[in-house]
Amino acid sequence: MNRAFLPAVANWITTSFPVIRLVLLILMVVLSLALIVVVLFQPANSDGMGAISGQSSDTFYSKNKGHSLEGVMKRLTIVLSIALFVVSVLFFVTVIVYPVGA
């Protein structure tokens, strides 16, 4: 990659990219493992079962699902997946801005 079009940056910035990449990579691994654990601990979703068996799914539990542990796990899954996406994008931006061989 030709670095002629890139503006001159301070030396400490270019020398810190390997450390930044390592931190982002470790953060991606930790976030992905946490996301796997949170998804595995979630109970099975049985929303469609009421239509098949004829049972009504309008119970107190189903109306207040957001305040239960299941709701917290669902929100935690969303937060972890967004954080993993952002960290992954940041990691690949550092690879594009400053390639390993440069």
Side-chain angles (χ1 to χ4, degrees):
M1 181 173 169
N2 188 2
R3 294 183 49 89
F5 68 92
L6 294 174
V9 293
N11 190 29
W12 68 270
I13 294 175
T14 57
T15 57
S16 67
F17 268 105
V19 175
I20 293 170
R21 278 193 202 125
L22 182 64
V23 168
L24 289 174
L25 191 61
I26 291 170
L27 195 57
M28 278 195 304
V29 169
V30 169
L31 285 172
S32 61
L33 290 176
L35 185 61
I36 289 169
V37 168
V38 168
V39 168
L40 286 176
F41 279 129
Q42 287 183 1
N45 192 1
S46 62
D47 285 342
M49 295 302 287
I52 294 172
S53 63
Q55 296 174 352
S56 175
S57 64
D58 289 337
T59 62
F60 178 77
Y61 178 72
S62 67
K63 290 180 183 177
N64 295 313
K65 209 181 258 189
H67 300 293
S68 67
L69 181 62
E70 186 177 346
V72 171
M73 296 290 265
K74 183 177 179 181
R75 277 185 263 133
L76 188 59
T77 302
I78 293 169
V79 168
L80 284 174
S81 58
I82 291 172
L84 181 62
F85 175 76
V86 169
V87 170
S88 299
V89 168
L90 289 175
F91 176 78
F92 287 110
V93 164
T94 63
V95 170
I96 291 171
V97 169
Y98 190 77
V100 175

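We count residues from 1, following the sequence as given.
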Which pair of non-hydrogen atoms, one from Thr77 and one from Gln42, has the smallest distance, and what is that distance? OG1-NE2, 2.5 Å

Are Ile26 and Phe85 joined in one hydrophobic group, where the rule is that I, L, V, M, F, W and Y side chains link up if heavy atoms are under 4.5 Å apart? no

What distance do Leu31 atom CG and Ile36 atom CD1 have between them, rounded to the nearest 0.5 Å? 11.0 Å

How many angstroms lie between atom CG of Leu25 and atom CD1 of Ile20, to the nearest 0.5 angstrom? 13.5 Å

Following the transitive rule for hydrophobic clusters with a side-chain heavy-atom cut-off under 4.5 Å over Ile, Leu, Val, Met, Phe, Trp and Tyr, establish whether Val86 and Phe92 coincide in one cluster. yes

Would you say Val93 and Phe17 are hydrophobically clustered, going by side-chain heavy atoms of ILVMFWY under 4.5 Å? yes

Rounded distance [0.5 Å steps], CG in Leu90 versus CE in Met28: 10.0 Å

Heavy atoms of Val87 and Leu24 approach each other most closely as CG1-O, 3.6 Å

Answer yes if Val39 and Val29 sit in the same cluster of Ile, Leu, Val, Met, Phe, Trp and Tyr residues linked by side chain heavy atoms under 4.5 Å apart, and no otherwise. no

Would you say Val37 and Leu33 make side-chain contact, with heavy atoms under 4.5 Å? no

Drop me the distance from Ile96's CD1 to Phe91's CZ, to the nearest 0.5 angstrom. 11.0 Å

